[in-house]
Participant: 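My questions all concern the structure below.
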Amino acid sequence: LQDTICHLVHRTDYLLNRENGRVLEPYGVTMYQAMSLIYIAWYGTSRDVNQRSIEKFLYLSNPGVSKIISFLEREGYVRRETDPRDARSYLLRATAAGEAFAARLNDAILEADQIILQPLTPAEQRTLGRLLEKIRNATN
C-alpha cells in the first residue's frame, strides 16, 4: 500500500498541508482562506470571481466556501459587488488591505512549497510540476 501513487500523493498532500499550516499560523488564516483570498486578489480584476469559481478552484463545497467568504469579508479583505449581469448574484473583489494581505500570504505559501520541494533539484521540481499539471489537465 505504501508504494501506491495514491498513498504517496496523500502523504505528500499531508506534508504540504502541515507546512502550509505552520507558515500561515502567524497570519491567523487557514490554507483555504489564504488560497481563496489570493485567487480573489489576482483574478478579481481581470475576470468574474464569485463563490462558484472559488468552489471549482479549490474543489470545495458550497457551505465551506461560503464560510471562507464570510470570514474574509468580516476581516475586511473582500467585498461583495452585485453582478451587473445578474442582480441575484455577486462578484468578489479584494479590498486594498486584502490585496496587500494576499501578497504576504502568497509569499508564505511559496515558502512552504520550497520547504517541501527542498529534497528535489530545480530540474526535478520543474519535472514534478509538469507531471502534476499533465495529470490535472487530463482529468478535467
Side-chain angles (χ1 to χ4, degrees):
L1 177 64
Q2 288 191 351
D3 292 335
T4 66
I5 294 295
C6 180
H7 181 264
L8 293 170
V9 169
H10 177 69
R11 175 71 178 153
T12 304
D13 181 57
Y14 166 79
L15 294 171
L16 186 58
N17 285 327
R18 186 181 71 186
E19 195 58 39
N20 273 316
R22 187 189 68 73
V23 299
L24 292 171
E25 184 177 18
Y27 298 99
V29 296
T30 67
M31 182 182 67
Y32 289 122
Q33 290 167 339
M35 290 177 69
S36 296
L37 179 58
I38 292 165
Y39 183 83
I40 294 165
W42 283 2
Y43 297 116
T45 57
S46 62
R47 65 172 87 150
D48 291 345
V49 174
N50 56 28
Q51 181 169 331
R52 181 74 181 126
S53 62
I54 294 172
E55 291 168 14
K56 287 175 147 180
F57 174 68
L58 294 176
Y59 301 96
L60 292 177
S61 68
N62 180 289
V65 173
S66 182
K67 287 178 185 175
I68 290 169
I69 293 168
S70 293
F71 169 81
L72 295 173
E73 191 175 31
R74 193 170 49 253
E75 295 297 314
Y77 299 129
V78 168
R79 68 180 184 281
R80 299 174 199 234
E81 296 178 357
T82 303
D83 186 336
R85 290 168 295 154
D86 183 355
R88 298 168 296 166
S89 297
Y90 60 88
L91 301 176
L92 299 165
R93 303 283 187 243
T95 62
E99 289 181 10
F101 193 44
R104 291 197 310 274
L105 295 175
N106 189 64
D107 289 344
I109 289 172
L110 289 173
E111 176 188 330
D113 283 356
Q114 288 309 305
I115 291 167
I116 292 296
L117 294 172
Q118 199 169 22
L120 304 178
T121 67
E124 290 170 329
Q125 290 177 26
R126 287 188 298 276
T127 298
L128 176 62
R130 283 193 305 273
L131 292 171
L132 292 171
E133 206 168 299
K134 188 174 184 177
I135 291 170
R136 183 196 67 197
N137 291 339
T139 57
N140 281 340

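Computed over heavy atoms, backbone and side chain alike; hydrogens, waters and symmetry mates excluded.
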Participant: Going only through I, L, V, M, F, W and Y residues with side-chain contacts under 4.5 Å, is there a path from Val23 to Met31?
Facilitator: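 Linked, Val23 and Met31 end up in one cluster.
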Participant: Leu8 and Ile116: same hydrophobic cluster, using ILVMFWY side-chain contacts below 4.5 Å?
Facilitator: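 Hydrophobic grouping puts Leu8 apart from Ile116.
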Participant: In plain terms, say whether Glu19 and Arg22 are close enough for a salt bridge, that is, a side-chain N and a carboxylate O under 4.0 Å apart.
Facilitator: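 Yes, charged N to carboxylate O under 4.0 Å.
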Participant: Over all heavy atoms of both residues, which pair between Leu37 and Gly98 is shortest? Give the atoms and the distance, please.
Facilitator: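 Minimum heavy-atom separation between Leu37 and Gly98: CD2-O, 3.7 Å.
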Participant: With hydrophobic residues grouped by side-chain heavy-atom distances under 4.5 Å, do Ile38 and Tyr27 end up in a single group?
Facilitator: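 Yes, same cluster.
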Participant: When rounded to the nearest 0.5 angstrom, what is the spacing between OG in Ser36 and CG in Leu60?
Facilitator: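 Between Ser36 OG and Leu60 CG, I get 7.0 Å after rounding to 0.5 Å.
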Participant: If I take atom CD from residue Glu73 and atom OH from residue Tyr90, how far apart are they, to the nearest 0.5 angstrom?
Facilitator: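 These two atoms lie 8.0 Å from each other.
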Participant: According to a hydrophobic-cluster definition based on side-chain heavy atoms being under 4.5 Å apart (Ile, Leu, Val, Met, Phe, Trp, Tyr only), do Leu16 and Tyr14 belong together?
Facilitator: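 The answer is yes; both residues are in one hydrophobic cluster.
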Participant: What's the shortest heavy-atom distance between Ile54 and Tyr39, and which atoms?
Facilitator: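 Minimum heavy-atom separation between Ile54 and Tyr39: CG1-CD2, 3.9 Å.
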Participant: Between atom CG of Leu91 and atom CZ of Arg80, what is the distance when rounded to the nearest 0.5 Å?
Facilitator: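 The CZ atom of Arg80 is 11.5 Å from CG of Leu91, to the nearest 0.5 Å.
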Participant: How long is the straight-line distance from NE2 of His10 back to OG1 of Thr12, given to the nearest 0.5 Å?
Facilitator: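 Those atoms lie 10.0 Å apart.
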Participant: Quick check: closest heavy atoms across Leu24 and Ala34, and the distance to 0.1 Å?
Facilitator: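 That closest heavy-atom pairing would be CD1-CB, 3.9 Å.
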Participant: For Asp13, does its backbone N or O pair with a side-chain atom of Asn17 as donor and acceptor, under 3.5 Å?
Facilitator: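 Yes, because the side chain of Asn17 sits within donor-acceptor range (under 3.5 Å) of the backbone of Asp13.
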Participant: Look up atom OG in Ser89 and atom CD in Glu81, then write down how far apart they are to the nearest 0.5 Å.
Facilitator: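 Reported value, rounded in 0.5 Å steps: 13.5 Å.
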Participant: Looking only at heavy atoms, which two atoms of Thr95 and Gly76 are closest? And how far apart?
Facilitator: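 The pair with the smallest heavy-atom distance is OG1-O, 2.7 Å.
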Participant: Just checking Glu25: does its CD atom have more than 12 heavy atoms from other residues, nucleotides or ligands closer to it than 6.0 angstrom?
Facilitator: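 No, CD of Glu25 has 12 or fewer neighbouring heavy atoms, counting only those of other groups under 6.0 Å.
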Participant: Side-chain contact test, heavy atoms from C-beta onward, threshold under 4.5 Å: evaluate it for Arg130 versus Lys134 and give yes or no.
Facilitator: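 Counting from C-beta outward, Arg130 and Lys134 never come under 4.5 Å.
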Participant: Short question: side chain of Arg93, backbone of Arg79 - any donor-acceptor pair under 3.5 Å?
Facilitator: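 The answer is no, because no donor-acceptor pair under 3.5 Å joins these two groups.
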Participant: Which heavy atom in Leu117 sits nearest to a heavy atom in Gln125, and how many Å separate them?
Facilitator: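 Residues Leu117 and Gln125, closest heavy atoms: O-NE2, 3.2 Å.
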Participant: How far does OG1 of Thr45 sit from CD1 of Ile40, to the nearest 0.5 angstrom?
Facilitator: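 Separation between the atoms: 12.0 Å.
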Participant: Would you be so kind as to tabulate the donor-acceptor pairs closer than 3.5 Å made by side chains of residues 99-115, with sequence neighbours excluded?
Facilitator:
none

Participant: Between side-chain atoms of residues 62-72 and protein atoms elsewhere (two or more places apart, or another chain), which donor-acceptor pairs fall under 3.5 Å?
Facilitator:
from  : atom 1 : to    : atom 2 : distance (Å)
Asn62 : OD1    : Gln51 : NE2    : 3.3
Asn62 : ND2    : Glu55 : OE2    : 3.2
Ser70 : OG     : Ser66 : O      : 3.1

